[in-house]
Chemist: 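Pasting a structure here, questions to come.
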Amino acid sequence: MLVKNILSTESSMRSDIVFLGDSLTSGENNNNKSFVEYLNVGALNFGISGTCIGDYSLYPVGKSNLIDILQQNAEPIQRARCIFLEYGCNDVSSIVVKNTTLQKVKIELIKCLDYIHQLNPTVEIYFITLGKCNIKTFAQAQTNYLKNDYLHFSNISYHKWIRTYKKFNKFINQICSNVVCLTDTELCEDELDTDKLHPNAVGYKRISCNLMLHINI
């Protein structure tokens, strides 16, 4: 999985809307054009492929976990009216292979939310999740990739990935007042790239249409 940091220049982008996330936000496998760009609102996009909420990614992403990106971009965070966080797949994969724990992920997210509110007490924070409809699709893609292409660990459990993501998703809904699913129904095969890990242009466009129905931007 390639690591890409898509940092839009503030001169051509609105600075009151900020997106932070992993490869789904950075537009992996779609020429760096994700649902953020298809929203056509000119938001700042700090999506980075392979990243996590905390410093436990399975990929060589360097200083690009959420707290690092927040600290590196404190000024736009202070100015933002809305901040969108899209994390979870890489965090859950890291939990499943015992590179971190669910408790660690929870603590790191709480720290990040606290830091955002220290910088900007009035900002509206949204968290974008897979939702129930897409968990199985992404669980299959993630575990297949880790077992067959990346880690080559035979004991990575598809069912454990699903259980872990559901626990993560439950926690998100407990601590975040604005939780939005990627889509309202499962992404179809023709909306996914050939790697099955990422949407294609059609999938990203559907995600953007769904988000526009549920968010205030």
Side-chain angles (χ1 to χ4, degrees), residues 1-6 19-28 34-35 45-72 83-116 125-147 149-151 153 155-176 178-182 195-199 207:
M1 183 175 290
L2 297 177
V3 179
K4 295 180 181 177
N5 190 347
I6 312 304
F19 283 82
L20 304 104
D22 55 31
S23 58
L24 295 178
T25 297
S26 73
E28 185 76 3
S34 76
F35 60 86
N45 185 345
F46 296 108
I48 302 175
S49 180
T51 193
C52 293
I53 295 167
D55 186 17
Y56 43 72
S57 177
L58 300 176
Y59 308 104
V61 295
K63 290 291 185 179
S64 65
N65 57 71
L66 179 55
I67 193 67
D68 288 329
I69 298 303
L70 291 172
Q71 290 173 342
Q72 294 164 18
I83 291 177
F84 296 86
L85 306 177
E86 177 276 306
Y87 292 89
C89 288
N90 296 325
D91 303 84
V92 168
S93 291
S94 195
I95 295 169
V96 169
V97 302
K98 299 181 180 180
N99 194 48
T100 190
T101 65
L102 182 58
Q103 182 172 340
K104 172 72 171 175
V105 174
K106 291 178 178 180
I107 291 171
E108 291 302 307
L109 179 56
I110 290 170
K111 285 165 55 179
C112 291
L113 294 175
D114 181 56
Y115 183 65
I116 290 172
I125 301 174
Y126 290 83
F127 203 105
I128 302 171
T129 71
L130 296 178
K132 293 180 181 180
C133 61
N134 285 306
I135 294 177
K136 291 182 179 180
T137 298
F138 279 80
Q140 191 69 67
Q142 290 285 333
T143 52
N144 284 346
Y145 176 73
L146 293 174
K147 284 196 296 186
D149 300 310
Y150 191 67
L151 295 179
F153 294 171
N155 61 343
I156 299 174
S157 170
Y158 160 78
H159 296 289
K160 183 177 180 180
W161 202 101
I162 291 176
R163 291 195 302 270
T164 304
Y165 191 90
K166 286 181 176 179
K167 291 177 182 177
F168 170 80
N169 197 48
K170 182 179 179 180
F171 176 70
I172 295 301
N173 280 276
Q174 288 172 341
I175 66 169
C176 297
N178 298 313
V179 181
V180 186
C181 299
L182 281 179
D195 68 357
K196 307 301 180 186
L197 286 165
H198 305 94
I207 292 169

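Excluded from the calculations below are hydrogen atoms, water molecules and symmetry mates; all remaining heavy atoms, backbone and side chain alike, are included.
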Chemist: Can you tell me how far OH of Y59 sits from OG of S93, rounded to the nearest 0.5 angstrom?
Modeler: 5.5 Å
Chemist: Please indicate whether K147 has more than 12 foreign heavy atoms, meaning atoms of other residues, nucleotides or ligands, lying under 6.0 Å from its NZ.
Modeler: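 More than 12 within 6.0 Å, yes.
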Chemist: Does the side-chain contact (heavy atoms from CB on, under 4.5 Å) test come out yes or no for V105 and T100, once each step is laid out?
Modeler: CA-CA 8 Å; V105 174; T100 190; 4.1 Å; yes
Chemist: Would you say the side chain of W161 lies within less than 4.5 Å of the side chain of I156, judging by non-hydrogen atoms?
Modeler: no
Chemist: Step by step, work out the side-chain contact (heavy atoms from CB on, under 4.5 Å) result for L113 and C176.
Modeler: CA-CA 9 Å; L113 294 175; C176 297; 4.2 Å; yes
Chemist: Tell me if the centroids of the rings in F171 and F168 come within less than 6.0 Å of each other.
Modeler: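 No: the rings miss the under 6.0 Å criterion.
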Chemist: List the steps, then state whether side-chain contact (heavy atoms from CB on, under 4.5 Å) holds for L66 with T51.
Modeler: CA-CA 8 Å; L66 179 55; T51 193; over 6 Å; no
Chemist: Between the main-chain N or O of G88 and the side-chain N or O of D91, is there a donor-acceptor pair closer than 3.5 Å?
Modeler: yes
Chemist: Of all heavy-atom pairs between S49 and S26, which one has the smallest distance, and what is that distance?
Modeler: N-OG, 3.8 Å
Chemist: Would you give the length of the straight line joining atom CG of N90 to atom CG of L146, rounded to the nearest 0.5 angstrom?
Modeler: 9.0 Å
Chemist: I'd like to know if the side chain of Y165 and the backbone of F138 have a donor-acceptor N/O pair within less than 3.5 Å.
Modeler: no
Chemist: Classify the side-chain pair D68/Q72 by whether it contains a donor and acceptor separated by less than 3.5 Å.
Modeler: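 The answer is no; no qualifying pair exists.
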Chemist: Taking NZ in K104 as the centre, count heavy atoms belonging to other residues, nucleotides or ligands within less than 6.0 Å. Is the count above 12?
Modeler: no
Chemist: Taking only residues two or more places apart in sequence or in another chain, which ones pass side-chain hydrogen bond (donor to acceptor under 3.5 Å, both in side chains) with S57?
Modeler: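 For S57, no residue satisfies side-chain hydrogen bond (donor to acceptor under 3.5 Å, both in side chains) once neighbours in sequence are set aside.
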Chemist: State, yes or no, whether a side-chain contact exists between L24 and S34 at a heavy-atom distance under 4.5 Å.
Modeler: no
Chemist: Does atom CD of Q103 have more than 12 heavy-atom neighbours, drawn from other residues, nucleotides or ligands, at distances under 6.0 Å?
Modeler: no
Chemist: Taking side chain as C-beta onward, heavy atoms only, is K196 less than 4.5 Å from Y145?
Modeler: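 Counting from C-beta outward, K196 and Y145 never come under 4.5 Å.
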Chemist: Less than 4.5 Å apart, any side-chain heavy atom of T25 and any of L20?
Modeler: no
Chemist: Please check this pair: side chain of S94 against backbone of Y56, looking for a donor-acceptor N/O pair closer than 3.5 Å.
Modeler: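 A pair under 3.5 Å: yes.
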Chemist: Within this structure, what is the CZ-CD1 distance for the pair F19 and I83, rounded to the nearest 0.5 Å?
Modeler: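 Those atoms lie 11.0 Å apart.
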Chemist: Checking ring pair (Phe, Tyr, Trp, His ring centres under 6.0 Å) against F84, which of F46, Y126, F35, F127 comes through?
Modeler: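 Result for ring pair (Phe, Tyr, Trp, His ring centres under 6.0 Å) with F84: Y126.
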Chemist: Could you tell me whether the side chain of N178 and the main chain of I125 form a donor-acceptor pair under 3.5 Å?
Modeler: yes
Chemist: Would a distance-only check, ignoring hydrogens and angles, find a side-chain to backbone donor-acceptor pair under 3.5 Å from D195 to H198?
Modeler: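 Side chain of D195 to backbone of H198: a pair is present.
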Chemist: Identify the heavy atoms of K160 and V96 that sit nearest to each other, and give their distance.
Modeler: NZ-O, 3.7 Å
Chemist: To the nearest 0.5 Å, how far apart are NZ in K132 and CD1 in I162?
Modeler: 13.5 Å
Chemist: Rounded at 0.5 Å granularity, tell me how far CD1 in I67 sits from NZ in K111.
Modeler: 6.5 Å
Chemist: Just verifying a value: how many Å separate K98 NZ and F153 CZ, rounded to the nearest 0.5 Å?
Modeler: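 The CZ atom of F153 is 11.5 Å from NZ of K98, to the nearest 0.5 Å.
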Chemist: Check step by step if side-chain contact (heavy atoms from CB on, under 4.5 Å) holds for I116 and L70.
Modeler: CA-CA 8 Å; I116 290 172; L70 291 172; 3.8 Å; yes
Chemist: Is it true that atom NZ of K167 has more than 12 heavy atoms of other residues, nucleotides or ligands lying nearer than 6.0 Å?
Modeler: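 Incorrect, the count does not exceed 12.
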